[in-house]
S.K.: 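This is the structure, below, for whatever I ask next.
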Amino acid sequence: MGQFRNFPMVPRVVYGPGCIDQLDSILMPKRRNTEAPFIYLVDAVFEDKPLLGKLPLRFEDRLIFIDTTEEPKTEQVDRLVALLQDNFEEIPSGIIGLGGGSILDLAKAVALLMTNPGSAADYQGWDLVKRPGLYHVGIPTISGTGAEVSRTAVLMGPEKKLGLNSDHTPFDQVVLDPELTEGVPNHQWFYTGMDCYIHCVESLNGTYLNAFSQSYGEKAMELCKEVFLNGERDLASREKLMMASWHGGMSIAYSQVGVAHALSYGLSFLLGVRHGIGNCLVFRHLSDFYPEGVALFHEMCEKHKIVLPKDICSQVDDAGMQTMVKVALSLEPLWENALGADWKKQVSPELIEGLYRKI
Ligand code: NAD
Ligand code: ZN
């Protein structure tokens, strides 16, 4: 490998309000034969919703509804792969994820595990996936995570929460239709949107920053400000947030996230706190690291009347606390990005515990 990382990108993307209507013509050339179905992994929130009528089901195509109360797990991926292998004569023509970051990551992981042997847990890490997955398509229905552009599929495993980071992970096709994000509940719209905002703050204030990341990060930041400080929740703002998510994801591709994500991973690992809200719970206490970003975050919360829960860690015992601190500290690249090569001199387990106690 050379000094500079050579990243894959999503090779095809269709954008525009209503563009999901083109899905049939997009998939048609990718269908191997009538026995090789497209498998749709769909967030269960869309069961019985008119959106399903827009999915061009043909022949053996199948919808599988996925409950996203909990974030995706390696064993859930393994179960889905076994189900597809047992129930269809032919290998599917493709896997399509319709939903938020949870579903997008699940779809990427299932596509990869259909062609790579073993359990999804074997591939949590960097560049462990050796073979291309099945053709996979991402259709986001909520904006913010950047999972639609990223080269990772984040999964909770038996030992860790870690992504399948590989050149085969990015989607082959993404469908960006801002009409699909219309029905997102207000608090969830805010939490997932803040994931994007926090990606921008962490990327733009990181030591890994470079012109590539900065160009995407600045655009994403500008769009986030328009959406969360000046905008209404109309089509124009849905379009902006969808593109902010894309740019935010591109920005961290060539840099890293930072302190909020490190601590949020600990919360998620021990308490199952979900990514968007977890980042918000942590970020509001990070004014020592990101003073301007945190001040603006409080303004955004106020404008949208978001009251974050408190005392999340009050029941955590000592052993639990040690686990969270360990998970947070293990994410070395995030700390190095946030604080520089000598980060170990600046953060101690006590400092991290102090932050968790505030949450
Ligand atoms: P999510 O996918 O977990 O969904 C959050 C909630 O929003 C769910 O209850 C879902 O049912 C609901 N929802 C989604 N679309 C809706 C719609 N149009 N109408 C009504 N409700 C809707 O949320 P998320 O914040 O997008 O994703 C979080 C996940 O993404 C985490 O698992 C996290 O680890 C992962 N993530 C991945 C990456 C990556 O690069 N792969 C980056 C950041 C986060
Ligand atoms: Zn994030």
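We count ligands from 1, going down the list as the structure has it; atoms in each ligand are counted the same way.
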S.K.: Do S213 side-chain atoms and Y254 backbone N/O form a donor-acceptor pair below 3.5 Å?
M.R.: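 Between the backbone of Y254 and the side chain of S213 there is a qualifying donor-acceptor contact (under 3.5 Å).
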S.K.: Can you tell me how far apart CG (L112) and CG (L134) are? Round to the nearest 0.5 Å.
M.R.: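 With rounding to 0.5 Å, CG (L112) is 9.0 Å from CG (L134).
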S.K.: Taking all non-hydrogen atoms of both residues into account, name the closest pair between L164 and A120 and its distance.
M.R.: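 Closest heavy-atom pair between L164 and A120: CD1-O, 3.9 Å.
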S.K.: Just to check, does F46 reach to within less than 4.0 Å of ligand 1 when the distance is taken from its heavy atoms?
M.R.: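 Contact present.
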S.K.: Between Q173 (side chain) and V137 (backbone), is there a donor-acceptor pair under 3.5 Å?
M.R.: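 Judged by distance alone, no pair lies under 3.5 Å.
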S.K.: Does ligand 1 have an atom under 4.0 Å from some heavy atom of P185?
M.R.: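 Contact present.
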S.K.: Suppose I only count heavy atoms of V154 and a 4.0 Å limit; which atoms of ligand 1 are within that range?
M.R.: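 Contacts of ligand 1 toward V154, numbered from 1: 34 (O), 37 (C).
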S.K.: Is any N or O atom of H275, backbone or side chain, closer than 3.5 Å to an N or O atom of ligand 1?
M.R.: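 No - when backbone and side-chain N and O of H275 are compared with those of ligand 1, no distance drops under 3.5 Å.
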S.K.: Answer with yes or no after comparing the ring centroid distance for H304 and H187 against a 6.0 Å cut-off, counting only values under it.
M.R.: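 No - the distance between ring centres of H304 and H187 does not fall below the 6.0 Å cut-off.
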S.K.: To the nearest 0.5 Å, what is the distance between OH (Y216) and SG (C200)?
M.R.: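 Atom-to-atom, Y216:OH and C200:SG are 13.5 Å apart.
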S.K.: Does ligand 1 have any atom sitting under 4.0 Å from a heavy atom of P72?
M.R.: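 Judged by the 4.0 Å heavy-atom criterion, P72 does count as contacting ligand 1.
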S.K.: Relative to the heavy atoms of T68, which atoms of ligand 1 are at a distance of less than 4.0 Å?
M.R.: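 So the answer, numbered in order with elements, is 8 (C), 9 (O), 10 (C), 11 (O).
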S.K.: Can you list the ligand 1 atoms lying under 4.0 Å from a non-hydrogen atom of T152?
M.R.: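 Per the distance check, 39 (C), 40 (O), 41 (N).
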S.K.: Going by the atom numbers of ligand 1, which of them fall below 4.0 Å from some non-hydrogen atom of T141?
M.R.: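 Those atoms are 14 (C), 15 (N), 16 (C), 17 (C), 18 (N).
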S.K.: Is there any N or O on T192 that sits under 3.5 Å from an N or O of ligand 1?
M.R.: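 By distance alone, the answer is yes.
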S.K.: Within this structure, what is the SG-CZ distance for the pair C196 and F228, rounded to the nearest 0.5 Å?
M.R.: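 Going from the SG atom of C196 to the CZ atom of F228 covers 7.5 Å.
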S.K.: Going by the order shown, which atoms of ligand 1 are within less than 4.0 Å of some heavy atom of G100?
M.R.: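 Listed by number with element, the hits are 2 (O), 26 (O).
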S.K.: Within a 6.0 Å radius of atom CD1 on I91, are there more than 12 heavy atoms belonging to other residues, nucleotides or ligands?
M.R.: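 For I91, atom CD1 is not crowded (no more than 12 foreign heavy atoms under 6.0 Å).
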S.K.: Between the Zn ion (ligand 2) and C196, is there an N, O or S atom separated by less than 2.8 Å?
M.R.: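 So C196 does not bind the Zn ion (ligand 2) by this criterion.
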S.K.: Heavy atoms only, cut-off 4.0 Å: how does E182 contact ligand 1, side chain, backbone, both, or neither?
M.R.: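 E182 to ligand 1: no contact under 4.0 Å from either part.
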S.K.: Is the shortest N/O to N/O distance between G276 and ligand 1 below 3.5 Å?
M.R.: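 Min N/O separation from ligand 1 is not below 3.5 Å for G276.
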S.K.: First locate atom CG of N87, then atom CD of E60, and finally report the distance between them rounded to the nearest 0.5 Å.
M.R.: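 Rounded to the nearest 0.5 Å, the CG-CD separation comes out at 11.0 Å.
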S.K.: For Y265 and F269, I'd like to know if the aromatic rings sit close, meaning centre-to-centre distance below 6.0 Å.
M.R.: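 Ring-ring flag for Y265/F269: false, centres at least 6.0 Å apart.
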S.K.: Please could you name the atoms of ligand 1 that L180 approaches to less than 4.0 Å, counting only its heavy atoms?
M.R.: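 With L180 as reference, the close atoms of ligand 1 come out as 18 (N).
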S.K.: Taking 4.0 angstrom as the limit and counting only heavy atoms of S150, give me the atoms of ligand 1 inside it, by number and element.
M.R.: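 In order of number, 39 (C), 40 (O), 41 (N).
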S.K.: Does a sphere of radius 6.0 Å around CG in N6 hold more than 12 heavy atoms from other residues, nucleotides or ligands, not counting ones at 6.0 Å or beyond?
M.R.: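 Count not over threshold, so no.
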S.K.: Give the single entry among L155, I66, D105 that approaches atom 36 (N) of ligand 1 most closely by any heavy atom.
M.R.: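 That would be D105.
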S.K.: Which atom name does D195 have for its N/O/S atom nearest to the Zn ion (ligand 2)?
M.R.: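 Going by distance to the Zn ion (ligand 2), the closest N, O or S atom in D195 is OD1.
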S.K.: Taking just the N, O or S atoms of H199, which one is nearest to the Zn ion (ligand 2)?
M.R.: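 Result: NE2.
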S.K.: How close do A36 and S93 get, counting heavy atoms only, and between which atoms?
M.R.: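 Nearest heavy atoms, A36 then S93: O-OG, 2.6 Å.
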S.K.: Which heavy atom of the protein is the closest neighbour of atom 4 (O) of ligand 1, given with residue, atom name and distance?
M.R.: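 Closest protein heavy atom to atom 4 (O) of ligand 1: R274 NH2, 3.7 Å.
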S.K.: May I ask you to list the atoms of ligand 1 that are less than 4.0 angstrom from any heavy atom of V45?
M.R.: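 This gives 11 (O), 21 (N), 22 (C) as the contact atoms.
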S.K.: Looking only at distances, please establish whether an N/O atom of ligand 1 is found under 3.5 Å from an N/O atom of D195.
M.R.: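 N/O-N/O distance under 3.5 Å: no.
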S.K.: Check whether any side-chain heavy atom of I96 lies under 4.5 Å from a side-chain heavy atom of L41, and answer yes or no.
M.R.: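 No. Closest side-chain heavy atoms not under 4.5 Å.
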S.K.: Just to confirm my output: which protein heavy-atom neighbour is closest to atom 29 (C) of ligand 1, and how far is it?
M.R.: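 Checked against all protein heavy atoms, atom 29 (C) of ligand 1 sits closest to S102 N, 3.5 Å.
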S.K.: For atom NZ of K73, is the number of surrounding heavy atoms from other residues, nucleotides or ligands below 6.0 Å larger than 12?
M.R.: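 Yes - once you tally the heavy atoms of other residues, nucleotides and ligands closer than 6.0 Å, there are more than 12.
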S.K.: Between T145 and ligand 1, does any nitrogen or oxygen pair lie at a separation below 3.5 Å?
M.R.: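 There is no such contact.
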